[in-house]
Amino acid sequence: MGVMNKMRDNMAGIMIFLVVVFVLTMSVGGLVGGADITDLIGGNQPNAFTLVNGQELTRENFMRSLQNERENYRQRNGSEPTEQQMAQLTDQVWETMVTQLLIQQEIEEQDITVSSDELKYYFSENIHPSVRQYFVSEAGEFDFNAYQEAVNSPQAGSFWAAMRQQVASIVPVEKLQQKVLATTQVSDAEVRAEYMKNNISYDLDYLFVKTSLWKDDEIEISEAETQNYYDLNLDEYQQEETRTLQVVATEIKATASDSTRAINLINDIKSDILAGASFEATAKIQSEGPSAPNGGFLGWFGKGKMAKPFEDAAFAAPVGEVVGPVLTQFGYHLIKVESRREVEGQPEVEARHILIEIRPSETTRDKIRRELKNLEFMADEVGFEKAVDSLGMSSTASNKLRQKDTFVSGVGSFQSAVRFAFLEELGAHSKVMQNETHFAIFMLSEITPEGPRPYDQAKVSIKRKLMNEAKQSMANDAATTLLTQLDAENDWTNVSLEGRDALTYESLQGAKGNASLKGLGRVHEIFGFLENAKAGSISPVFKTPRGAIIVRLNARSDFDNEVFAAQFDELYDNLTKTRQNEVWNNYLETLRENAEIMDNRLRML
């Protein structure tokens, strides 16, 4: 019975997986939303939510998967996702489902299947990992006896049917991965290089000629040079379409009457407790803080752990008495100290509390909504700008919005406003909209089409780029001159550059290729030199965006062949996994780049 109970507990997870698989493997269905048959014959599906190489991902299936992911978020975090988090979840679910459709199409294109004999193999001779996970002993190992008990159970028919469908869906994907990764190789030389990066240490000196030794006023960049760079590098200044909104918004915040409601409520609660009601039971019902399910229990805490007014009241309260209301940034609190103690000479209290938040009431929200509704109705009659002036309101311009943005300046995360901006025509205004912090009305005031960023907007950054390049060249030339003055024996601490402030000099011991170098960060070329250099060798000049570097190797630890042999397999496996992930991700990226994807999320969500 224990095995069967565990199997029944696992069925919900299996069925969620199967729903996803069903969504991903289903072919294009019937006519959706009244689409004309000629649209389908011609390859057009105007009402399709998403088309991937002509195969539809329906809105219904997408929303089902999104709801599953939203529920997973609730279970993981104990709260609803914010608007911005929900936007991220929406993108993640969509990207995942599109990728899985592309994988399924590749499987069909390459005629990758799983035979009945293969399925039998994965349930008998080599139990598939996706099946093994449901039969794990307390020691973390596959429990073959429990597996056999389940196989022979007459009550397990639906479980095994679901498992067969799950394995039949997974194996073709595994076969595709095996084909893609078949040529992935890691050489012995790469394993050796990885070992050296992790284990070989170096003692070294370096001189760093920083670009900051040259001031901006020493560099002259002409208008002609800036314009010429812009003309030759237009691809660097391509920008996607952006839209700008005029915004009239009111923050949703508590009023004096909301504060009065909170103080009256907590005073009533205090009266009930003083009349004999249980503090703990009342906290479970009335408190609006996260500790409410635990009867307001906060445990032991010392000074400096709580908001100052709360702390002062708690440490002054007699044990067993209810004190408050106490006002903090979180709202009004009632506090009951249950015990006191000292830990290493410092006082601590054990307490419970009841919190009533000061938050906007529905009356406050309605008042804000009505004020903006007046603007909406007047804008319908006389236009947005005239309505704003007539009502004595003011509007502000948003940041330039891209289609995938969620943040709108002044009002925070507001995805519905961004959606409005990209669905409406210039001059259109919205209805009253709401996010977590504001009610607002928007008017689409500007559309900047995709294309190169105007020269006047780009020239400041171009001038800075050319100036930095000039400084890098000067630093490199100076380091090249210094190189002729250096040898394996002389003291580098006194090396100077005529007319410049002090050079940066460091002497390092035990530097390794898998770590940053003090003052330099990660400069892989340096370790390429150190791996093959002899003690006393001086490097060529290494160029970096921040300046030019010269390195002298003083000592290097020995290569231990026994340790290398002991670590070889693990290093090889780790490098192989990393390489395989890179190859697989590149393969998926290529599928995506070559796919024809019609994305109607903006219009249909």
Side-chain angles (χ1 to χ4, degrees), residues 16 20 49-50 59-98 242-255 258-259 262 287-294 307 328-331 355-369 372 396-424 430-442 444 599-605:
I16 288 173
V20 174
F49 174 70
T50 296
R59 184 180 185 279
E60 292 75 17
N61 289 332
F62 170 79
M63 293 304 296
R64 188 182 302 123
S65 294
L66 180 60
Q67 185 57 38
N68 287 338
E69 188 56 37
R70 184 174 188 169
E71 184 57 36
N72 290 339
Y73 180 95
R74 288 194 199 103
Q75 293 177 4
R76 288 194 305 268
N77 300 282
S79 63
E80 285 285 344
T82 64
E83 183 181 16
Q84 186 170 7
Q85 289 165 337
M86 197 62 210
Q88 292 171 346
L89 287 178
T90 300
D91 284 343
Q92 289 168 5
V93 170
W94 186 84
E95 293 286 351
T96 298
M97 295 185 79
V98 167
T242 61
R243 301 199 171 198
T244 305
L245 297 170
Q246 285 295 314
V247 185
V248 176
T250 302
E251 185 179 0
I252 305 169
K253 57 183 179 181
T255 63
D258 296 324
S259 181
S287 181
E288 296 170 347
S291 63
N294 299 321
T328 72
Q329 69 266 38
F330 304 106
L355 169 67
I356 298 299
E357 298 174 343
I358 305 172
R359 55 189 179 193
S361 64
E362 197 54 43
T363 300
T364 299
R365 291 173 175 272
D366 284 342
K367 183 175 182 294
I368 298 171
R369 192 183 293 111
L372 288 177
T396 58
S398 74
N399 51 311
K400 289 183 176 293
L401 301 169
R402 299 166 300 175
Q403 190 166 326
K404 290 188 175 182
D405 285 342
T406 59
F407 178 83
V408 179
S409 57
V411 291
S413 178
F414 218 132
Q415 190 178 29
S416 56
V418 178
R419 186 177 298 117
F420 160 80
F422 280 89
L423 286 175
E424 298 298 333
S430 71
K431 296 183 180 299
V432 177
M433 294 182 173
Q434 176 185 353
N435 68 357
E436 294 175 359
T437 57
H438 291 79
F439 284 103
I441 291 182
F442 303 93
L444 181 56
D599 179 6
N600 275 336
R601 282 180 294 166
L602 185 65
R603 182 166 61 87
M604 298 181 70
L605 285 181

Worksheet item: What heavy-atom pair brings Gln329 and Ala307 nearest, and what distance separates the two atoms?
Response: OE1-CB, 3.7 Å
Worksheet item: Looking only at heavy atoms, what is the nearest atom pair of Ser65 and Met97, with distance?
Response: OG-CE, 3.5 Å
Practice prompt. Determine whether more than 12 heavy atoms belonging to other residues, nucleotides or ligands lie under 6.0 Å from atom CZ of Arg402.
Written response: no
Worksheet item: Between atom CH2 of Trp94 and atom CZ of Arg601, what is the distance when rounded to the nearest 0.5 Å?
Response: 4.5 Å
Worksheet item: Hey, are Arg419 and Glu424 close enough for a salt bridge, meaning a charged N less than 4.0 Å from a carboxylate O?
Response: no
Practice prompt. Would you please name every residue forming a salt bridge (charged side-chain N to carboxylate O under 4.0 Å, His left out) with Glu288, sequence neighbours left out?
Written response: Arg359
Practice prompt. Mind checking side chain to side chain donor-acceptor pair (under 3.5 Å) for Thr363 and listing every partner two or more places apart, or none if nothing turns up?
Written response: none
Worksheet entry | Over all atoms of both residues, closest heavy-atom pair of Gly412 and Asn435 | C-ND2, 4.4 Å
Worksheet item: Are Arg59 and Met63 side-chain neighbours, meaning at least one heavy-atom pair lies under 4.5 Å?
Response: yes
Worksheet item: Is there side-chain contact between Ile441 and Met433, with at least one heavy-atom pair below 4.5 Å?
Response: no
Worksheet entry | Check: Ser291 side chain, Asn294 main-chain N or O, donor-acceptor pair, under 3.5 Å | no
Worksheet item: Is the backbone of Phe442 close enough, under 3.5 Å, to the side chain of Ser430 for a donor and an acceptor to pair up by distance?
Response: yes
Worksheet item: Minimum heavy-atom separation for Thr244 to Leu444, with atom names?
Response: O-CD1, 3.5 Å
Worksheet entry | Under 3.5 Å: donor-acceptor pair, side chain of Asp599, backbone of Thr50 | no
Discussion item. I'd like to know whether Glu69 forms a salt bridge (charged side-chain N to carboxylate O under 4.0 Å, His left out) with Arg76, so could you lay out the CA-CA distance, the side-chain angles of the two residues, the decisive distance to 0.1 Å, and finally the verdict.
Written reply: CA-CA 10 Å; Glu69 188 56 37; Arg76 288 194 305 268; 3.6 Å; yes
Worksheet entry | Test item: Gln92 side-chain N/O and Leu89 main-chain N/O as donor-acceptor pair under 3.5 Å | no
Worksheet item: Just how far is it from atom OG of Ser413 to atom CD of Glu436, taken to the nearest 0.5 Å?
Response: 7.0 Å
Discussion item. Please check this pair: side chain of Ser287 against backbone of Leu355, looking for a donor-acceptor N/O pair closer than 3.5 Å.
Written reply: yes
Response to the item:
In terms of heavy-atom contacts, Ser398 and Val247 come closest through CB-CG2, 4.2 Å
Practice prompt. Could you tell me the separation between the CG atom of Leu66 and the OG1 atom of Thr96, rounded to the nearest 0.5 Å?
Written response: 11.0 Å
Worksheet item: Do Glu362 and Asp366 have side chains that get closer than 4.5 Å, going by heavy atoms?
Response: yes
Item to complete: Of all the heavy-atom pairs spanning Tyr73 and Glu80, show the shortest one and how long it is.
Response: CE2-C, 3.8 Å
Response to the item:
Test side chain to side chain contact (heavy atoms under 4.5 Å, CB included), reference Phe414, set Val408, Thr437, Leu401, output is Val408
Discussion item. Would the distance check show the side chain of Asp405 and the main-chain N or O of Val418 forming a donor-acceptor pair, the cut-off being under 3.5 Å?
Written reply: no
Worksheet item: Are Arg243 and Phe422 close enough that some pair of their side-chain heavy atoms sits under 4.5 Å apart?
Response: yes
Worksheet item: Under 4.5 Å between any side-chain heavy atoms of Gln246 and Thr396, yes or no?
Response: no
Worksheet item: Out of curiosity, Lys253 NZ to Thr255 OG1, how far, rounded to the nearest 0.5 Å?
Response: 10.5 Å
Item to complete: Check for a donor-acceptor pair, side chain of Asp258 on one end and backbone N or O of Ile358 on the other, with a separation under 3.5 Å.
Response: no
Worksheet entry | Note, Asp91 side chain near Gln88 side chain (heavy atom, < 4.5 Å) | no
Worksheet item: To the nearest 0.5 Å, how far apart are CZ in Phe439 and CZ in Arg369?
Response: 4.0 Å
